[in-house]
Amino acid sequence: PKPFDEMVAALEETAKDMRGVKPGGAVVHWFKTDLRTNDNRALAMAADKAANAGVPLICLYIISPEDWEAHLRAPVRVDLILRTLKVLQDDLAKLNIPLWIETVDKRKNVRSTVHTFMESWNANHLFANMEYEVDELRRETALVRECASKGKSMTVIHDTCVVPPGRLTSSSSGRPYAVYTPWFKTWKQHIHDNEDLVDLVDTPAKQADDLKAKVSKLFGCAIPESPKNKQLTKDEKTRFAKLWPAGEHEAVRRLQQFCDDRINGYSRNRDFPAQDATSSLSPYLACGAISARTMIQTAFDRTGAKALDRGTDGFKVWVSEVAWRDFYRHVLAGWPYVCMNKPFKAVYSNIEWSYNKEHFTAWCEGRTGYPIVDAAMRQLREQGWMHNRCRMIVASFLAKDLLIDWRMGEKFFMENLVDGDFSSNNGGWGFSASVGVDPQPYFRIFNPTRQSERFDPDGVYIRHYVPELAKVFEEGASAIHEPYAKEAAKARKAGYPEPLVPHKDAREKALAAYKKGLGK
Ligand code: FAD
């Protein structure tokens, strides 16, 4: 059985036993990727349970250095998580609720650590929001069963998606959707039919002083420094703290500002990387400082939309982008092997990828000789973030122009993105390399130069991130999109690299490799 179905089964099996569980001495909420107090479903349930039982609510966060290995969480993301924990701890303290942070030596010890704390706090009720990655589902399923066998209750609930996985199936096949467009139609309908889906849950009320007193030793728990392999330089720390201030207040501020100033122009401007036209909320969603429901509801309220289909073009398109995030989580729950380095369709396993180290390093370092690709890869390095249009351009370039295994690009993104999110990243790479669920057809190959001319017409984005080109090409100079084809002497003088591969030839090679792999 799929890990997601196993989890659902474990919750159903244990539901009856959980009803009779006594309050014990405390209720515990286990924070994972839901680092906020607003609209946090499991936290709200835990707070209600604790208040009704008259026992304190204690919050727990567990750090396992293995989960913070670079290929799972980039240093910049770890840094944001740690800073977010500090804000969360302060916010919770104002509500008289402690946040205990524990570091375990090995990931496999997370479960036993949860049990140890439950015992030592004499807690019988544990709450957590569900994560849909295979390892997390398996771990939490085991915990649900273990808690039940100890006479305790663990409640794991849907929170991270607007519409939880498992709810939408195709009316013709009865199976989950593997194509976005019909899925999106059903997603919108489902929200309208179930109005409580976007109903935001309350922030926990302030815990009574006598309950606070019972857990007074748990306040002010130290937040560890970044793990050794994750040390950022002082300069990077300062830069990232300025770019990505931590916490839910910052996320809400960004959201409101986006909805007031930019959302209505989103459909027109979102593809131009030199413009500040998108919400830049992805890092906050990735650590759970904001919920996707809050995003949809706030956009709805502040733009005066009448329905998901009845609002400004900007509102409608933005909602459709937030929905992509839900879609990829549904895919992960329905086809868990996508998280095991496998393409969505087995037939795509036969494409012969290149593992050319020199080309890959040049791509990583932003030295491919294609200015838009290089600007984007340097933006990733500088900000830990990259514009969506550019993510598509660089992913297509790696997989199609260089024919390098898309999984190497997927991993590099996770190692460097502040918003690294397994399902959206996997989905984005699958789409761009034409190997994923609902991919773009393999014969549609981005021409990086045309993309650059179209989406960065005056070269503003390129000039910002590739200063050597900015020195020799003024704003608006068309040669900046293909310097060696138009002004080779200037490009050479500037020390800018020559293109790694000519796009025309690379395109032919890619078409041949895909056709061969697909047996066409
Ligand atoms: P906005 O344009 O303001 O959109 C609002 C929100 O909608 C985003 O924050 C995000 O949660 C969601 N969203 C928007 N576009 C997409 C999309 N194409 N797929 C899924 N969700 C989307 N997004 C991540 O959050 N983490 C990743 O690791 C990630 N890796 C990607 C890799 C590739 C190859 C590609 C093509 C896309 C990837 N994306 C990823 C999706 C997208 O690029 C980012 O979500 C977006 O650029 C974030 O900027 P924003 O918050 O300003 O987005």
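Keep in mind the model is a prediction, meaning the values are calculated, not measured. What you see below is based on every heavy atom in this structure, not just the backbone, and it leaves out hydrogens, waters and symmetry mates.
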Exercise. Between Asp374 and Tyr496, do the side chains contain an N or O donor and an N or O acceptor separated by less than 3.5 Å?
Worked result: yes

Exercise. In chain order, what residues pass the side chain to side chain donor-acceptor pair (under 3.5 Å) check against Trp363, with sequence neighbours excluded?
Worked result: none

Problem set entry | Any donor-acceptor pair under 3.5 Å from Tyr484 side chain to Pro499 backbone | no

Exercise. Judged by atom type as modelled, is there a donor-acceptor pair below 3.5 Å linking the side chain of Arg463 to the main-chain atoms of Ala470?
Worked result: yes

Distance-only check: which donor-acceptor pairs under 3.5 Å involve side-chain atoms of residues 500-520, not counting sequence neighbours?
from   : atom 1 : to     : atom 2 : distance (Å)
His503 : ND1    : Asp401 : OD2    : 2.6
Tyr514 : OH     : Ala433 : O      : 2.6
Lys516 : NZ     : Glu352 : OE2    : 3.2

For this session: Carefully, step by step, assess Arg138 and Met7 under the rule side-chain contact (heavy atoms from CB on, under 4.5 Å).
Result: CA-CA 7 Å; Arg138 287 197 176 131; Met7 164 60 89; over 6 Å; no

Problem set entry | Any donor-acceptor N or O pair under 3.5 Å, side chains Tyr132, His158 | yes

Exercise. To the nearest 0.5 Å, what is the distance between OG1 (Thr33) and CG (Asn129)?
Worked result: 8.0 Å

Problem set entry | Partners meeting side chain to side chain donor-acceptor pair (under 3.5 Å) with Trp30 (sequence neighbours left out) | none

Exercise. Among all residues two or more places apart in sequence or in another chain, which pass the side chain to side chain contact (heavy atoms under 4.5 Å, CB included) test with Pro224?
Worked result: Ile63, Ile101, Thr103

Donor-acceptor pairs are to be reported for all side-chain atoms of residues 381-400 against protein atoms at under 3.5 Å, with residues two or more places apart or in another chain.
from   : atom 1 : to     : atom 2 : distance (Å)
Gln383 : OE1    : Gln379 : NE2    : 3.2
Gln383 : NE2    : Tyr465 : OH     : 3.0
Trp385 : NE1    : Ser282 : OG     : 3.1
His387 : ND1    : Arg389 : N      : 3.1
His387 : NE2    : Arg270 : O      : 2.9
Arg389 : NE     : Asp271 : OD1    : 3.2
Arg389 : NH1    : Gln451 : OE1    : 3.0
Arg389 : NH2    : Asp271 : OD1    : 3.3
Arg391 : NE     : Met386 : O      : 2.7
Arg391 : NH1    : Asp419 : OD1    : 3.3
Arg391 : NH1    : Asp419 : OD2    : 3.3
Arg391 : NH2    : Met386 : O      : 2.9
Arg391 : NH2    : Asp419 : OD2    : 2.8
Lys400 : NZ     : Ser432 : O      : 3.4
Lys400 : NZ     : Ser434 : OG     : 2.9
Lys400 : NZ     : Arg444 : O      : 3.4

Exercise. Going by atom types only, do Asp405 and Tyr355 share a side-chain donor-acceptor pair under 3.5 Å?
Worked result: yes

Exercise. Is there a donor-acceptor contact under 3.5 Å linking the side chains of Ser280 and Arg254?
Worked result: yes

Exercise. Do Thr160 and Arg325 have side-chain atoms, one donor and one acceptor, less than 3.5 Å apart?
Worked result: yes

Problem set entry | Side-chain donor-acceptor contact under 3.5 Å, Thr449 with Tyr370 | no

Seminar exercise, completed: When rounded to the nearest 0.5 Å, the distance separating CZ of Phe272 from CG of Asp456 is 9.5 Å

Problem set entry | Contacts of His115 that satisfy side chain to side chain donor-acceptor pair (under 3.5 Å) - sequence neighbours left out | Glu146

Problem set entry | Over 12 foreign heavy atoms within 6.0 Å of NZ, Lys316 | yes

For this session: Report the relative orientation of the aromatic rings in Trp324 and Phe431; use parallel for angles under 30°, tilted for 30 to 60°, perpendicular for over 60°.
Result: perpendicular

Exercise. Yes or no on side-chain contact (heavy atoms from CB on, under 4.5 Å) for Arg329 and Asp421, after CA distance, side-chain angles and deciding distance?
Worked result: CA-CA 10 Å; Arg329 281 171 160 66; Asp421 172 272; 2.7 Å; yes

Seminar exercise, completed: In Trp183, Trp187, Phe4, the residue satisfying ring-ring contact (aromatic ring centres under 6.0 Å, His included) with His330 is Trp183

For this session: Carefully, step by step, assess Asp67 and Lys106 under the rule salt bridge (Lys or Arg N to Asp or Glu O under 4.0 Å).
Result: CA-CA 9 Å; Asp67 283 333; Lys106 294 244 177 300; over 6 Å; no

For this session: Decide if atom CZ of Arg450 counts as having more than 12 heavy atoms of other residues, nucleotides or ligands within a radius under 6.0 Å.
Result: yes

